[in-house]
Amino acid sequence: MGCGASSQKDAGAPRRRPGSVGDVVVFLPGLRVPRTVDFAQALGGHLDRSIVERLSALRARVVEMAMQESAAALKPRRKAAARHGSSTANLLQALEDYLPLLLGLVKEGSMLRHKVQFSWTNQEDNAAETALADTWYEVLSVLHLMAMVCLLQANTLLLPRSYGDGYAPRVSEESRRATVDVFLKAAGYLDCAIRHVLPQIPVELRRQLPVDLAEGNLKALSLQALGQGVDMQLGLAIDSPKATLAVKRRLACEMVKYWQQVQETIPELPVSDGWGKKHRLFVKWKYVEAKAAAYYFHGLILDEGNTEKSHGMAIAALQASEEFLKESKRVSEVFHATSPTSRQDISPCFTTHHILSPNLFGTAKYLFDKIPKDASSKVRINQDLYTQEKVIGAPPPLPDFALALTPEDYDLPPLDPIWNK
């Protein structure tokens, strides 16, 4: 999403605005990656040499791995899922190793909090840099990157893969189940950042934070992770013969509420911010798609009633679902065409006999397969029973369900034992 307060260090470095980012199932803003910091110069004479050396080594490891991950994420070609999954897991582990040692710089009574100038840059613009002399800024940036790495892992898990069994590439049930936990973990890191780290940073310094770390964006990304987690749950419920229509409707209605909250939380961004514009389109696309799902299952339940009124509301709900589905297709086309461009998941043809992209799976595949057929058939059946004027009206309101998914509990880790020496 670009940096807010930034300096033009390394101005000669090439700007890395990718034209394409390949397959996108989980969209996230450009990665923020750390720049090299000289701990020895900043902390020499203030801290034991062994701690300084270990801080330098752990952060250097994070810098190297984050730069590699950033470069890989900018490539439009699809990477091998196993290799990419391993690289993101290693980066996450490196961040988890670094954080307990870093927290020693802000432990109670420490005079070291403002000794180091921490610098981070955004994947979208390699020349722009945000540098602040506050260790809590570094902690916030680390938690943000940990969440982004989880979202990268989820995107990799949700790319169709070949299994050598003669069938077309697909997304396995195991992968979809695994992503729910990954989404909750990402939301947990962001929730910890909002509750425990942001309050430690003075208000005037918060104004200097890059827009990626603004409270609204942190909340929006946390809610997005929960919304996509519910999307995976709904897709699994759709595939399960044991899941009732009521369960599917509840999940779809919860998904609508999550994406609506994302829309309300994500801050307005400059028109020139390409990643931010694409992110807002992604949120709108998923919000409209969620409404299509919610009205579809709501319509099917209403159609089980035995009255003219219930059948009329069912038809109105199903027709609303069809319109939202068409709108989601239009928004998705704009999203994929917006720079940096990404692969189009839905075929250009949208009719009752449309052809589905092999990349579609779960909720989206089901909706594009079922809604056009069911909406038209239910209208024909009910028009034979009632006059059109009586059965078609405004879509009924969706049921209001409490949100069930919450971020995974995550607290800042205890200090590295080296600080006790």
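What you see is a predicted model, and the numbers here were worked out from it, not measured in a lab. As a basis for the values below, the full set of heavy atoms in this structure was taken, side chains included, without hydrogen atoms, waters or symmetry mates.
How far OH of Tyr258 is from SG of Cys253: 13.0 Å, rounded to the nearest 0.5 Å. Interatomic distance, Ser87 OG to Gln153 CD, rounded to the nearest 0.5 Å: 8.5 Å.
Every side chain to side chain contact (heavy atoms under 4.5 Å, CB included) that Gln41 has, sequence neighbours left out, goes to Asp38. Arg59 is linked by a side chain to side chain contact (heavy atoms under 4.5 Å, CB included) to Pro34, Val37, Phe39, Val63, Tyr98, Phe118, Trp120, Glu138, counting only residues two or more places apart in sequence or in another chain. Not a single side chain to side chain contact (heavy atoms under 4.5 Å, CB included) links Ala60 to another residue, sequence neighbours left out. Under the side chain to side chain contact (heavy atoms under 4.5 Å, CB included) criterion, Asp181 pairs with no residue, sequence neighbours left out. For Ser175, the side-chain hydrogen bond (donor to acceptor under 3.5 Å, both in side chains) criterion is met by Ser172, not counting sequence neighbours. Listed by chain and number, the residues in a salt bridge (charged side-chain N to carboxylate O under 4.0 Å, His left out) with Arg195 are Asp191 (sequence neighbours excluded). For Asp400, the side-chain hydrogen bond (donor to acceptor under 3.5 Å, both in side chains) partners at least two apart in sequence or on another chain are Lys257. Lys115 pairs by the salt bridge (charged side-chain N to carboxylate O under 4.0 Å, His left out) definition with nothing, not counting sequence neighbours. Considering only residues two or more places apart in sequence or on other chains, Thr179 meets the side-chain hydrogen bond (donor to acceptor under 3.5 Å, both in side chains) condition with none of them. Partners of Glu327 under the side-chain hydrogen bond (donor to acceptor under 3.5 Å, both in side chains) rule, at least two apart in sequence or in another chain, do not exist in this structure.
Under the ring pair (Phe, Tyr, Trp, His ring centres under 6.0 Å) criterion, the residue pairs touching residues 184-220 are Tyr189-Tyr410, with sequence neighbours excluded.
When each of Val139, Leu415, Asp416, Leu58 is paired with Leu102, the side-chain contact (heavy atoms from CB on, under 4.5 Å) condition holds for Val139 and for no other. With Leu145 as the fixed residue, the side-chain contact (heavy atoms from CB on, under 4.5 Å) test singles out one of Leu140, Leu31, Leu92: Leu31.
Looking at Gln200 and Val106, their side chains never come closer than 4.5 Å, going by heavy atoms from C-beta outward. Using a 4.5 Å cut-off on side-chain heavy atoms (C-beta onward), Leu209 and Leu198 make contact.
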Stepwise, does the side chain to side chain contact (heavy atoms under 4.5 Å, CB included) test hold for Leu236 with Glu173? CA-CA 7 Å; Leu236 292 167; Glu173 179 178 326; 3.5 Å; yes

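Judged by distance alone, the side chain of Lys219 and the main-chain N or O of Ile266 form no donor-acceptor pair under 3.5 Å. No donor-acceptor pair under 3.5 Å is formed between the side chain of Arg176 and the backbone N or O of Leu158. The backbone N or O of Asp134 sits nowhere less than 3.5 Å from a side-chain atom of His114 that would complete a donor-acceptor pair.
Taking the six-membered ring where the residue is Trp, His279 and Phe27 present tilted rings, their angle falling between 30° and 60°.
Look at Glu289 and Lys286 and you find a salt bridge, because one of the NZ, NE, NH1 or NH2 atoms lies within 4.0 Å of a carboxylate O, short of that distance.
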Can you give each donor-acceptor pair under 3.5 Å made by side-chain atoms of residues 291-298, sequence neighbours left out, with the distance rounded to 0.1 Å?
| unit_1 | atom_1 | unit_2 | atom_2 | d |
| --- | --- | --- | --- | --- |
| Tyr296 | OH | Asp374 | OD2 | 2.4 |
| His298 | ND1 | Arg249 | NH1 | 2.9 |
| His298 | NE2 | Pro397 | O | 3.3 |

